[in-house]
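Atoms within each ligand, like the ligands themselves, are counted from 1 in listed order. Residue numbers start at 1 and run along the sequence shown. Any value given below was found using the heavy atoms of this structure, including those in side chains, with hydrogens, waters and symmetry copies removed.
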Amino acid sequence: MHFPTTSILLTAGLAGLAAAAPAPTAPRTKVGTVSINQVRNPHFKHHGKRRGQKVLAKTYLKYGAHMPAGLAKIMTTLHIPFNLDLSIGGLGKRNGTNSHGSAEAVPEKDDIQYLTPVQIGTPPQTLNLDFDSGSSDLWVFSSETPSRQVNGQALYDPSKSSTSKKVDGQTWSISYGDGSASSGIVVTDNVEVAGVSFPSQAVEVAQKVSSSFSADENNDGLLGLAFSKINTVKPTRQTTWFDNVMPNLEKPVWTSDLKNDAPGTYNFGYIDEEAYTGEISYVPVDNSQGFWSFEASGYSIGNVTVPMKFQGIADTGTSLAMLPQEIVTAYYKQVPGASMSYSLGGYVFPCNAKIPDFTYMVGDVSIVVPASFINYAEADEAGKKCFGGIQPDTDIGFSIFGDVALKAAFVVFDVGTQDQPRLGWAKK
Ligand SMILES: CNCc1ccc(Oc2cccnc2)o1
């Protein structure tokens with residue numbers, strides 16, 4: 001997640017671990033959503049249901065030369081970047097397919113983050129980005145990033161793209177829950193993810209990145225999947241890639257199927273019925289702070305179940321599960337030798353301790369986070385102390401269901417009907 005103000009950070013001993021942070025005080029700008037029923041293209045060849053494979057449906061998303069006036073009108077109520085030419089005929093050729101796509105989410109060491117390839121510009125420049133449902137900026141390492149701050153990352157060079165356009169007078173600056181930050185200027189260019197493209201996506205070009213980004217050599221930037229209202233571009237807030245492509249997706253949804261120490265999947269525009277078991281249980285989302293915020297209804301540690309309502313955000317960009325202190329205390333009480341270590345930055349325990357599973361209840365489903373996900377990583381040189389995957393949410397007013405929690409579930413991020421987004425949760 002991101003926040004524009006400084007915050008009391010839980011400085012984690014492990015680089016890249018996210019801590020909680022106060023909610024952003026982003027101005028309230030209503031961002032409408034639109035979902036339009038498309039007529040399925042009879043010529044569209046469905047690739048069928050291939051489990052977890054990198055099936056990139058090469059359905060190129062092109063805007064029709066004759067966008068119906070009604071749709072053009074709807075689009076203008078969206079927070080469309082001022083630079084997008086909405087005039088009829090101003091956009092390329094829509095091929096009318098119901099667009100959808102599937103992309104791999106490849107974990108870094110200890111599942112600290114997951115990286116997904118994104119094609120930017122013409123000819124395409126591929127960067128591996130951290131898809132972050134806790135922020136709403138698409139920013140990249142670039143030819144504008146000082147070389148002393150670059151350490152192996154792939155760089156986007158707008159001057160090498162025939163479709164890039166500088167956006168004068170616009171800048172951005174963002175900081176994240178783990179204390180990392182970046183800032184720069186803005187261009188628009190074609191951005192394609194899993195075969196779904198948008199021709200004039202705001203691409204935020206980094207002119208400055210903090211040391212933890214510089215040290216993060218495989219991470220070429222972030223692609224924000226929270227709500228556009230917390231995008232940081234000033235003076236004209238920009239729209240996320242998902243909000244831009246959503247009107248042309250089969251369904252106004254994207255899904256996460258992250259895995260433990262293995263590549264997972266982000267799907268866009270459809271729900272892979274083979275990716276989960278049982279039923280998907282939907283809960284309403286309060287996006288007033290720009291996050292995918294929902295209410296959990298309880299938890300279990302081992303075989304003790306406690307009904308307890310608490311608010312949390314689904315945040316693919318945060319590594320750990322940052323939960324209410326009450327839950328964290330109850331959990332580590334069940335772990336022999338566990339303690340809160342301020343020097344190591346959180347709860348640690350002997351690496352050979354027997355630790356319990358953790359279950360969270362949301363809607364009608366119970367998601368079991370296996371103990372192996374919670375024995376997160378070695379926390380000290382000797383390898384004696386291990387860092388917990390569950391940490392306190394430092395009382396920011398809501399919890400953060402980061403990757404440790406999300407990778408135990410199949411999650412549907414559903415922009416859904418007008419103004420009522422929802423989250424779908426399923427076991428898998
Ligand atoms: C490793 N630190 C740099 C870094 C990688 C990803 C991010 O971004 C974050 C961090 C915390 C929460 N949300 C997004 O920062």
Side-chain angles (χ1 to χ4, degrees), residues 1-24 26 105-116 118 127-141 145 149-154 172-184 204 206 208-227 230-232 240 256 258 266 289-293 312-323 345-346 376-377 387 389 391 393-394 396 398-407 413:
M1 64 170 276
H2 100 269
F3 56 93
T5 55
T6 53
S7 86
I8 300 150
L9 293 170
L10 186 68
T11 47
L14 293 159
L17 292 189
V106 180
E108 287 289 273
K109 183 177 179 310
D110 298 329
D111 295 354
I112 249 189
Q113 63 193 345
Y114 294 79
L115 300 173
T116 299
V118 174
L127 277 72
N128 295 321
L129 304 185
D130 179 359
F131 282 28
D132 178 15
S133 63
S135 66
S136 304
D137 286 50
L138 192 172
W139 73 264
V140 291
F141 275 79
T145 312
Q149 295 181 5
V150 177
N151 175 32
Q153 290 85 0
W172 58 280
S173 176
I174 193 164
S175 46
Y176 297 100
D178 66 351
S180 54
S182 53
S183 61
E204 300 171 31
K208 192 174 168 190
V209 300
S210 65
S211 57
S212 69
F213 276 117
S214 296
D216 202 355
E217 68 268 14
N218 297 314
N219 181 341
D220 305 327
L222 267 73
L223 187 143
L225 290 166
F227 293 86
I230 55 174
N231 174 270
T232 73
T240 65
S256 76
L258 298 177
Y266 289 124
Q289 300 296 308
F291 298 124
W292 289 92
S293 182
I313 67 170
D315 185 358
T316 56
T318 287
S319 312
L320 306 182
M322 321 292 281
L323 302 176
Y376 184 72
F387 201 77
Q391 295 294 341
D393 61 12
T394 59
I396 51 166
F398 54 82
S399 296
I400 302 181
F401 287 72
D403 301 330
V404 161
L406 298 178
K407 63 188 175 183
F413 294 76

### Query
Distance-only, no hydrogens or angles: does the Ser319 side chain make a donor-acceptor pair with backbone N or O of Ile112 under 3.5 Å?
yes

### Test salt bridge (Lys or Arg N to Asp or Glu O under 4.0 Å) applied to Asp111 - qualifying residues, sequence neighbours left out
Lys407

### Message
Using ring centroids (six-membered ring only for Trp), state whether Phe398 and Phe291 fall under 6.0 Å.
### Response
yes

### Task
Report, in ascending order of atom number, the atoms of ligand 1 lying under 4.0 Å from any heavy atom of Ser212.
2 (N), 3 (C)

### Task
Please identify which atoms of ligand 1 are closer than 4.0 Å to at least one heavy atom of Asn219.
5 (C), 6 (C)

### Query
What atoms in ligand 1 come closer than 4.0 Å to a heavy atom of Leu222?
8 (O)

### Message
Treating Gln153 as the side-chain partner and Ser214 as the backbone partner, does any N or O pair qualify as donor plus acceptor under 3.5 Å?
### Response
yes

### Message
So if I apply the side chain to side chain donor-acceptor pair (under 3.5 Å) rule between Gln113 and each of Asn218, Asp216, Asp403, which one comes out positive?
### Response
Asp216

#### Entry: Atom indices of ligand 1, in the order listed, that fall short of 4.0 Å to a heavy atom of Thr318
12 (C), 13 (N)

### Task
Determine whether the side chain, the backbone, both or neither of His2 has a heavy atom under 4.0 Å from any heavy atom of ligand 1.
neither

### Query
Which ligand 1 atoms does Asp132 reach within 4.0 Å, using its non-hydrogen atoms?
13 (N), 14 (C)

### Message
Counting only nitrogen or oxygen atoms and a 3.5 angstrom limit, does Phe213 reach ligand 1?
### Response
no

### Query
If you measure every N/O of Ser180 against every N/O of ligand 1, is any gap under 3.5 Å?
yes

### Task
Report the residues that fulfil ring pair (Phe, Tyr, Trp, His ring centres under 6.0 Å) with Phe213, sequence neighbours left out, ordered by chain and then residue number.
Trp139, Tyr176

#### Entry: Numbered atoms of ligand 1 (with element) below 4.0 Å of Gln113, judged on heavy atoms
5 (C), 6 (C)

### Message
Quick check against the 3.5 Å criterion: does Tyr376 have a side-chain atom that pairs as donor or acceptor with the backbone of Asp110?
### Response
yes

### Message
Can you name the atoms of ligand 1, numbered from 1 with element, that are less than 4.0 Å from a heavy atom of Asp130?
### Response
6 (C)

